Amino acid sequence: MSRNILVCVAWPYVNSEPHLGHIAGMNVPADIFARYHRLAGNRVAMVSGSDMHGTPTALRAVDEGVKPEDIAFRYHDVWSDCMQRMGFAYDLYTHTHTKIHEEVAQDVMLTLDKHGFIYEDTQLMPYSETEDRFLSDRFVEGICPACGFDGARGDQCDGCGRTLDPSDLINIRSIRDGSTPVFRETTHLMIKLSAFQEQLEKWVRTKNDWRPNVRNQTLGFLNEGLHDRAMTRDIEWGVPIPFEGYDKKRIYVWFEAVIGYFSATKAWAIESGREDDWKEFWHDPDAESYYFQGKDNIPFHTVLWPAMLMGYGGLNLPTDVVANEYLNLDGQGFSSSRNWAVWLPDYLERYDVDPLRYYLASIMPESSDSDFTWEGYLAANNNVLVATLGNFVHRTLTITTRNFDHKVPVPGELAPQDQSVLDACEQTLDDVANSIETRHFRRALYEAMELARVGNRYLDAEEPWRTVKSESDKAAKTLWTALNVISTLRTVFYPFIPFSCDKMHDLLGFDGATATDGWQKRVVEPGSSLPSPKPLFRKLDPEIVEQEHERLLAQQSDN
RNA sequence: GGCGAUGUAGCUCAGCAGGUUAGAGCGAGCGCUUCAUAAGCGCUAGGUCACAAGUUCGAGUCUUGUCAUCGCCA
């Protein structure tokens, strides 16, 4: 029976281009998951977009002296383009500066208010008299009272890492013009998170299949007791607030960005011409929803967003929040500001997509931080993709086309060793499916590659290049079987390296497309014709490792 | 400071309802093979399972403490 699967991917701040650290733990696993489920015959909606209203975007605009929307749209376009080129098959990749998002976010706010979960609260905030506006915490800096670091922000000190309040800062000043702000009272809307405490605890305790850090961190967070939280702030970049007296304030971005999952599903339904389709994913109690995140985002998706959904009423809570750890680069965290990054647009200019998708999936930070290295990338490409998978496909097709006149051999009755290889295909389909279902992506990838090894061992044992000369019947069985292994590889690898699988599809002379052949071994038709084989992957020159290292260093000194 | 996760062969990771000589892939060494992008297949080497104490007949596997890394909260 077909299931409804909503795949939600974290919304990136658009204050820089995407780098590999951004996509490794979120877009890559989400796309694997979504592609698998589509193949398995389930109804999938994969949505995300750019978080346009993040403070970093507004800050960058200040730095460059332009409007926040200039920054936001500039990088949204880059992200959008990269998502597409990477083959991340979103049903909709949108952004939060849209009419529908504004409407949905405001509706959520109004509904929470109607249900009694919102109240007003007054607090003291820094106010710039020169600019006649409040300064939110990231717009002020000063000396950290704890460590004396000059340049601590209103929310945190970069010197000692301590969390701060603007009123803690010594010699507080505006980062916009350096003037000294005064503290004035300002009124904000608060959400009663405390009202959801018990309901959330009960819900999380049922989630035994969540990853340990997600579940335990959430329980720990709840254990400390939920504090009500401001959902508006004094800033002019963001979604307007549908209440009297709030025209100079905006919805706090944490509150509004998570609503993007919901508004984007609605937007997708409208754009696809079936306005009510979003209900299949948000109202149907059997629908499943999976949220792919970085580890820094866990409480937002396991506590705050579910609380909002509970308060709104009638909408599905997350089935799982699949949070990954971080990807590092040569042992150090990716950093946009230090320019320590492999930027995606830059990568795409010089290399192919699938080797990156493959390598990132193979080192996916599922249980701990992992490390991208160009040595590792080279090894994954040359020693595994080319040598194991590419070579198996290519050697099989080469022997077959040369000796059987570009036709699929007619196998006749199979021998036991042939049958056991076909059984291994079925087993691999089951194993990979099960691993992806349970969100073990590295294991799934390993299991898929294991089938290519089975194929290589099988060819070595059967030696079709030899039997084809003396026992043509036997060679026909071997090669037909091996072609069916390729057909299976095409399917089980499709979630990971779709472009290469489409090539395999063509090399087998198949009509239609891998994407519509289902999660099954499509039997290769005896007697059908085969095109001339071409290698699936390019072997890379080991020199790229040194070149890329130099490139990284050069880009740092440019900085 | 509190909480959470992680720490197993050179690298990336399995193993963890406690139980014979701790596993895989890549890398390394040796051998076989030649259909294949000098690819494949087989064999071998290599680990005080972060450290310390404890529970147990027996502990990477449970308990406690320490250290390190990352994240969250204060």
Side-chain angles (χ1 to χ4, degrees), chain A residues 21 25 146 155-156 160-165 168 210-227 229 293-304 323-328 330-334 359-373 375-403 435 440-443 445-450 452-469 475 478-479 482 533-541:
Chain A
D155 57 342
Q156 191 178 34
C160 63
R162 198 169 302 255
T163 307
L164 299 172
D165 194 77
D168 296 332
W210 286 11
R211 290 180 182 173
N213 69 331
V214 176
R215 190 180 137 93
N216 292 336
Q217 199 181 316
T218 303
L219 288 172
F221 195 88
L222 289 169
N223 204 31
E224 286 174 19
L226 290 178
H227 306 290
R229 201 177 164 105
Q293 305 298 323
K295 61 176 162 184
D296 54 330
N297 252 332
I298 291 170
F300 284 99
H301 292 82
T302 60
V303 176
L304 303 183
N324 280 301
E325 306 286 311
Y326 284 171
L327 182 74
N328 293 324
D330 269 341
Q332 295 176 58
F334 276 79
Y359 179 50
L360 290 180
S362 76
I363 60 168
M364 189 181 293
E366 283 179 320
S367 52
S368 60
D369 289 356
S370 67
D371 208 18
F372 178 96
T373 64
E375 291 90 334
Y377 171 80
L378 178 81
N381 183 76
N382 286 2
N383 304 333
V384 186
L385 272 186
V386 172
T388 303
L389 177 58
N391 185 234
F392 170 71
V393 171
H394 197 239
R395 68 196 293 214
T396 299
L397 291 169
T398 305
I399 311 168
T400 307
T401 51
R402 274 196 204 149
N403 294 288
S435 293
H440 293 101
F441 301 104
R442 279 188 318 224
R443 193 209 291 162
L445 184 62
Y446 177 81
E447 288 161 343
M449 194 57 77
E450 194 53 30
R453 294 196 179 91
V454 166
N456 275 323
R457 266 180 245 132
Y458 172 69
L459 289 186
D460 273 43
E462 301 300 312
E463 301 182 300
W465 53 90
R466 197 171 52 76
T467 58
V468 75
K469 291 170 188 153
T478 305
L479 292 169
K534 289 189 207 83
L536 285 179
F537 305 103
R538 289 190 299 159
K539 189 154 180 161
L540 292 168
D541 190 325

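Naming convention: chains lettered A, B, ... in sequence-line order (proteins, then strands); numbering from 1 in each chain. Remember, predicted model here, so these are calculated numbers, not experimental data.
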When you measure from the side chain of [X], which nucleotide among [options] comes out closest?
{"X": "A:A387", "options": "B:A39, B:U37, B:C70", "value": "B:A39"}
{"X": "A:D296", "options": "B:U37, B:U12, B:G71", "value": "B:G71"}
{"X": "A:W465", "options": "B:A36, B:G2, B:C35", "value": "B:C35"}
{"X": "A:N213", "options": "B:G4, B:G2, B:U37", "value": "B:G4"}
{"X": "A:Q217", "options": "B:A36, B:A5, B:C72", "value": "B:C72"}
{"X": "A:V386", "options": "B:C35, B:C41, B:U37", "value": "B:U37"}
{"X": "A:A379", "options": "B:C13, B:U37, B:C26", "value": "B:C26"}
{"X": "A:D369", "options": "B:G25, B:C70, B:U12", "value": "B:C70"}
{"X": "A:N216", "options": "B:G4, B:C13, B:G2", "value": "B:G4"}
{"X": "A:R402", "options": "B:A39, B:C41, B:C35", "value": "B:C35"}

Over all strands shown, is [X] touching base, sugar-phosphate only, or nothing at heavy-atom distances under 4.0 angstrom?
{"X": "A:R442", "result": "sugar-phosphate"}
{"X": "A:T218", "result": "nothing"}
{"X": "A:R453", "result": "sugar-phosphate"}
{"X": "A:I298", "result": "nothing"}
{"X": "A:T373", "result": "nothing"}
{"X": "A:F537", "result": "base"}
{"X": "A:D460", "result": "base"}

Is there a side-chain contact between [X] and the phosphate of [N], meaning an N or O under 4.0 Å from OP1 or OP2?
{"X": "A:S367", "N": "B:A14", "result": "yes"}
{"X": "A:K295", "N": "B:C72", "result": "no"}
{"X": "A:N383", "N": "B:G27", "result": "yes"}

Problem set entry | Aromatic ring proximity A:F334/A:Y326, centre distance under 6.0 Å |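 No, the ring centres sit 6.0 Å or more apart.
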For this session: Would you mind telling me which residue lines up with the more 5' stretch of RNA chain B, A:K469 or A:Y326, judged by nearest nucleotide?
Result: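 This one resolves to A:K469.
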Exercise. Which comes earlier along RNA chain B counting from the 5' end, the contact point of A:I399 or that of A:A380, where each point is its nearest nucleotide?
Worked result: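 That would be A:A380.
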Exercise. Where is the tightest heavy-atom contact between A:V303 and A:L226, given as atom of each residue plus distance?
Worked result: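 Taking every non-hydrogen atom into account, CG1-CD2, 3.6 Å.
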Problem set entry | Salt bridge flag under 4.0 Å for residues A:R457 and A:E462 |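 Answer for the salt bridge query: no.
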Exercise. Given the C1' atoms of B:A59 and B:U20, what is the spacing between them in whole Å?
Worked result: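 After rounding to an integer number of Å, I get 15 Å for this pair.
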For this session: Look through every strand shown and name the nucleotide pairing with B:C30 as Watson-Crick or G-U wobble, where both distances are under 3.5 Å.
Result: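 Result: B:G42.
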